[in-house]
2 protein chains.
Amino acid sequence: MGRLKEFDQDKAIDGAVDCFWARGYEATSVRDLAAHMGIGGASLYNAYGGKRALFVAALERYANRSSRERIARHEAAGQPRQAIEAFLAEIIDRSLKDRARKGCLLVNSALDVAPHDAEIGKVVAGYLEEIRAFFQRNIEAARRAGQVPRDIDAAGVSAHLLGILLGIRVLARTRPDRALLDSVVRPALDLLNVPAISKA
Amino acid sequence: MGRLKEFDQDKAIDGAVDCFWARGYEATSVRDLAAHMGIGGASLYNAYGGKRALFVAALERYANRSSRERIARHEAAGQPRQAIEAFLAEIIDRSLKDRARKGCLLVNSALDVAPHDAEIGKVVAGYLEEIRAFFQRNIEAARRAGQVPRDIDAAGVSAHLLGILLGIRVLARTRPDRALLDSVVRPALDLLNVPAISKA
DNA sequence: AGTTTTTTGTAGCGAACGCTCTAGAATGAT
DNA sequence: ATCATTCTAGAGCGTTCGCTACAAAAAACT
């Protein structure tokens with residue numbers, strides 16, 4: 001058949017993710033990528049085709065290992081309302097601990113790359129839609145379980161929560177302040193509260 | 001004194017704004033800038049010092065002509081609640097009409113440039129804070145006028161609205177869909193509603 | 001007019017860019 | 001062992017990057 005690849009392909013693509021995540025698409029050079037991936041330039045082109053194709057691969061890797069992993073983890077407990085709240089709480093926690101202020105690769109790409117590359121734009125939009133669908137799915141499940149108001153608009157609130165999520169990830173990169181980020185989310189979580197017997 | 005500048009400085013800086021706005025900081029070259037500004041490279045360096053200094057100048061120009069202008073325009077009518085609602089409605093309208101999907105230069109910079117440049121980061125954070133302060137100021141005025149609930153948390157809701165605004169501008173660049181963006185905003189605007197006599 | 005100061009166009013600096021070429025090393029098939 | 005195939009390392013392709021040196025041009029001073 002031919003010579004076998006010598007490098008660890010998982011470690012390599014993770015290195016690419018780290019590069020694009022930290023610096024963005026344009027500001028990351030092929031030499032940076034190869035160095036962090038632990039391979040030579042020729043191997044990079046042989047294995048991935050080029051910078052743009054590698055970026056698409058890195059996006060998918062990130063989606064699988066970060067975004068979808070988080071969704072699956074929070075959804076596994078079968079507590080839909082808790083899943084939504086814990087999901088958002090984790091985003092805030094991670095944003096505050098994120099000393100390098102890397103944010104979320106998908107959100108960064110939505111602003112950086114997607115508007116200038118229709119194909120990548122669709123990929124990113126698809127990943128964001130997965131997050132919105134996670135919200136909607138769990139709102140509906142929580143409604144069936146009586147954990148949220150009966151008349152809640154699952155589709156509408158899921159879009160609202162996606163917007164909140166994007167806002168947090170942007171704001172955290174310029175002002176990673178716990179009180180501020182909590183304030184962004186709080187009214188959204190209040191939407192999930194079953195209204196108490198009115199005190200008006 | 002010496003020879004006078006031959007180019008229109010306002011048109012030049014507007015050209016720079018357009019470049020950075022459309023393509024971002026890294027992806028915009030000094031040659032692109034000079035061409036769109038209608039000047040030569042030497043004049044650019046003579047007048048602005050360099051790419052980064054020009055970017056800071058372009059940011060300030062954008063803040064004055066776009067962000068602050070919009071704030072002042074909506075606040076001028078003296079209808080604080082209406083100012084908030086119209087402000088957000090205008091953002092959505094502009095995002096949907098924005099065929100090039102340029103979004104907002106301040107928001108783009110918050111994700112692109114700010115995390116990698118502390119000084120510019122503070123500048124951007126300052127501009128975003130101006131928007132949040134606009135929200136808070138008008139929430140408080142609306143409360144005094146009885147247009148919003150008496151017990152509203154002006155600071156907290158202003159942060160929420162800023163988050164919503166950022167989320168819209170990100171989402172609009174990958175999925176400029178009217179129904180989606182309206183759904184993001186609606187629950188936030190509901191916070192401003194004076195609760196009716198309870199129907200629970 | 002002559003001097004000084006600033007702006008302008010051109011040309012080009014060294015460095016980095018994405019990418020490719022080439023020679024050789026490492027594999028499975030014959 | 002030989003072959004065909006694949007992968008790797010290094011050099012280097014042409015281009016573009018941010019920026020600067022230089023001299024001509026244009027203004028305000030004496």
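All values below come from the heavy atoms of this structure, side chains included, with hydrogens, waters and symmetry mates left out.
The pair A/Glu69-A/Arg73 counts as a salt bridge, with a side-chain nitrogen and a carboxylate oxygen less than 4.0 angstrom apart. No salt bridge links A/Asp153 with A/Arg143; every basic N to acidic carboxylate O contact stays at or beyond 4.0 Å. In summary, A/Arg178 and A/Asp182 engage in a salt bridge, as defined by a charged side-chain N under 4.0 Å from a carboxylate O.
Closest to the A/Ala42 side chain, of the nucleotides C/dG9, C/dC19, D/dG10, is D/dG10. Here the side chain of B/Asn46 is nearest to one of C/dT7, D/dC19, D/dC7, namely C/dT7. Distance from the side chain of B/Leu4 is smallest to D/dA27 among D/dA27, D/dC7, D/dG18.
Mapping B/Leu44 and A/Asp32 onto DNA chain C by nearest heavy atom places B/Leu44 closer to the 5' end of the strand. In terms of position along DNA chain D, the nucleotide closest to A/Gly40 lies nearer the 5' end than the nucleotide closest to the other residue of the pair A/Gly40 and B/Thr28. Comparing A/Glu6 and A/Gly41 against DNA chain C, the residue whose closest nucleotide sits nearer the 5' end is A/Gly41.
Going from atom OH of B/Tyr25 over to atom P of D/dG18 covers 8 Å, rounded to whole Å. One interatomic measurement links the two molecules: NZ of B/Lys51 to C1' of C/dA16, which rounds to 13 Å at whole-angstrom precision. The separation between B/Met37 atom CE and C/dG9 atom C1' is 16 Å, rounded to whole Å. The CG atom of A/Leu33 sits 16 Å away from the P atom of C/dA16 (whole-angstrom rounding). Distance, B/Lys5 NZ to C/dT6 C1': 8 Å, rounded to whole Å. Whole-Å rounding puts the B/Glu26 CD to D/dT16 P distance at 18 Å. Atoms CZ (A/Arg31) and P (C/dC17) sit 6 Å apart, rounded to a whole Å. Rounded to whole Å, the distance from CZ on A/Phe55 to C1' on C/dG18 is 16 Å.
Contact annotation: A/Ser29 side-chain N/O to C/dC17 OP1/OP2 distance is under 4.0 Å. For the OP1/OP2 pair of D/dT20 and a distance below 4.0 Å, the side-chain nitrogens and oxygens of B/Tyr45 include no atom meeting the criterion. Dashed line: the shortest gap from a side-chain N or O of B/Ser43 to OP1 or OP2 of C/dT8 is under 4.0 Å.
A/Arg173 CZ to B/His116 NE2: the interatomic distance, rounded to the nearest 0.5 Å, is 5.0 Å.
Side-chain atoms of B/Arg81 and B/Asn193 include a donor-acceptor pair closer than 3.5 Å.
For the helix from C/dA1-D/dT30 to C/dT30-D/dA1, the terminal axes (five pairs an end, C1' atoms, rotation from four pairs onto the next four) enclose an angle of 0°, given to 10 degrees.
Relative orientation of the B/Phe7 and B/Tyr48 rings is tilted, given thresholds of 30° and 60° on the angle between their planes.
Between the A/Lys51 side chain and the A/Tyr25 main chain, a donor and an acceptor come within less than 3.5 Å of each other.
Taking the side chain as every heavy atom from C-beta outward, A/Glu75 and A/Arg137 approach each other to under 4.5 Å.
With hydrogens and angles ignored, no donor-acceptor pair closer than 3.5 Å exists between the side chain of B/Arg3 and the base of C/dT6.
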